[in-house]
Amino acid sequence: MRRLRVGLSRRLKSGLWRGVSVTAAMAMIALLGLIFWTVIKGSLPAWSWSVLTTPTQGLAGGLENAIVGTLWLGLLTMLGVAIAGIATGIYAAVYAPLWARESILFISDVLSGVPSIVFGYVGYLAFVVAFGWGFSALAAALTLTMLSLPYMVRNTYQSFAKVPIHLIDSARALGFSRARTIWSLMWPSSWGGMAAGSILALSVAMGETAPLIYTAEWSQNLPSWDLTHHSVAYLTYVVWTFIQEPYPQANALAYMAGLVLMLVIGAVSFGARVREFGRAR
Amino acid sequence: MNQVLELDPYVGETPAVGLRIEEISVRVGKHMVLEGVSMDLPGGKISALVGPSGSGKSSLLRVLNRLWDGIPRARVEGAVWYQGVNLYGRGVDVAAVRSRIGMVFQRPTPFPKSIVQNISLPLAVHGYPRSEIADRVQASLKTVGLWDEVANRLGTSALALSGGQQQRLCIARALAIQPDILLMDEPASALDPKSRGRIDDLILSLRDAVTVLLVTHHLEEAERVSDRLGVLMDGRLQAFGPTQELFRSAPEKVAQYLRHGSGN
Ligand SMILES: Nc1ncnc2c1ncn2[C@@H]1O[C@H](COP(=O)(O)OP(=O)(O)OP(=O)(O)O)[C@@H](O)[C@H]1O
Ligand SMILES: [Mg+2]
């Protein structure tokens, strides 16, 4: 007869695994804490509420233009990514013949491995120069869209492919068209995955620097809401350039920009989590 | 033009329409799934289809409402005649075919929606006027004996129903759009004996109103409910005829199968 009590070695082993995984989780939290600590400490000299309400002036001033610019670019990008990514993902999951589906997924995997600066350069050559839009919100948002599209395509594809085949079969057997099946049955259960995909794409986009330097340039002013021919400010620019300046107040502003960016991205992901959590119950 | 199946309003009083299956073969790649199957499903009668696992029973049902369409490497040859129209002829409206020839699967497949929506959605898809939908939902739930059980929770998720209830909901969903023919693929095999009995009774109650083709593993079930019996082996129809006659006398191979059953 098998012993009912778990043997000592089994208990030791499971205790060990537990220990390892708890340690790893703690290490991750500690790392996040360290990052926050560094950023907060660095940004303290620049802290005042007016940082949020004044634009940058030279190497000083506040971050209003950059914050609004980042949100503006993020919004445009999310729009582009959602439309293009969902359409491509649905095509791959539902309509595409096998070879087309595999090609889309392959290309999307390759794209997600391309360095972002390459996207910046391509975006510069295509949108800024060839299309003649100049440094602009549209050029930047389209570049960010290309860059974060793979995440959206993957997520959409996977959440649509997860819909059980017997459900689709019974919809077909009832005479549902494909469009109807997608809209009434697949869309509702894929919604969570698509939302997660666009939020991931949004955070990736907002955290980028290199492609924006090529396409949005930089501006001391609030975004003009013109889609073309007006450069746009964004937080990562401040992080990237101001940190290299020899002036302490510029460095502090760079840290502050990093902190704000982390908080914005954190808030967005947290919002998505809360939704997921609500769904799970 | 006569090849196009038109969606006339359903006339409930006309005798149920049958189906003629003519030399149907199905190939998936090089694999022959069905070979030269011909049979007449008489209108308003219950025909049962039995045969060993893998003999092609489900595959034949999938032929009849064109579920093989769009399956990579699958080819269907032959003809299926319904009201003078070959369902595999040119210009046939597949959605219309499927609205006239319904299907119930082995596992209950309710949509992850409310009980009402499971039935109202197909009704809406097929253009039933809004004002009729509530009545039709109620009528079809009554037909399958589910109304009393769910009347006070129509808005709750269909996934919360028991397996037997889910399957009856799926039958109600198929019946709501008033098909002439109902294909049932082992509809009771995933259920407990009591729910199984209810499904059998339900099938019997459809006689005359609907033409039924029932796939089953249970020979006793086939014997109890069916007027006609077909025996499929290795993709070929070995026998097809009045159920009682077949059980009395059949070709040796078939008789052996009918005596000993498939064992599952
Ligand atoms: N989509 C498909 N692609 C390739 N082969 C298939 C496909 N569907 C069925 N087949 C093949 O067709 C044959 C018949 O299968 P089918 O499901 O029709 O049998 P069945 O009589 O319904 O069996 P069971 O009693 O186990 O349900 C099997 O050999 C199966 O492998
Ligand atoms: Mg089967």
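A note on names: the letters A, B, ... follow the listed sequences, proteins ahead of strands, and every chain is numbered from 1.
For B:Pro110, the part lying near chain A is the backbone, with the side chain staying farther off; criterion is any non-hydrogen pair under 4.5 Å. Heavy atoms of B:Ile101 lying under 4.5 Å from chain A belong exclusively to its backbone. Using a 4.5 Å cut-off between heavy atoms, B:Leu67 touches chain A through backbone and side chain atoms alike. Looking at B:Phe111, both its backbone and its side chain come within 4.5 Å of chain A, counting heavy atoms on both sides.
Between A:Gly175 and B:Val125, the closest heavy-atom pair is O-CG1, 4.2 Å.
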Distance-only criterion, 3.5 Å: which donor-acceptor pairs connect chain B and chain A?
{"unit_1": "B:Arg62", "atom_1": "NH1", "unit_2": "A:Asp169", "atom_2": "OD2", "d": "3.2"}
{"unit_1": "B:Leu67", "atom_1": "O", "unit_2": "A:Arg172", "atom_2": "NH1", "d": "3.4"}
{"unit_1": "B:Leu67", "atom_1": "O", "unit_2": "A:Arg172", "atom_2": "NH2", "d": "3.4"}
{"unit_1": "B:Asp69", "atom_1": "O", "unit_2": "A:Arg172", "atom_2": "NH2", "d": "2.6"}
{"unit_1": "B:Thr109", "atom_1": "OG1", "unit_2": "A:Ser170", "atom_2": "OG", "d": "3.4"}
{"unit_1": "B:Lys113", "atom_1": "NZ", "unit_2": "A:Ser184", "atom_2": "O", "d": "3.1"}
{"unit_1": "B:His126", "atom_1": "NE2", "unit_2": "A:Leu174", "atom_2": "O", "d": "2.6"}

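With values rounded to the nearest 0.5 angstrom, A:Leu185 atom CG is found 6.5 Å from B:Leu121 atom CG.
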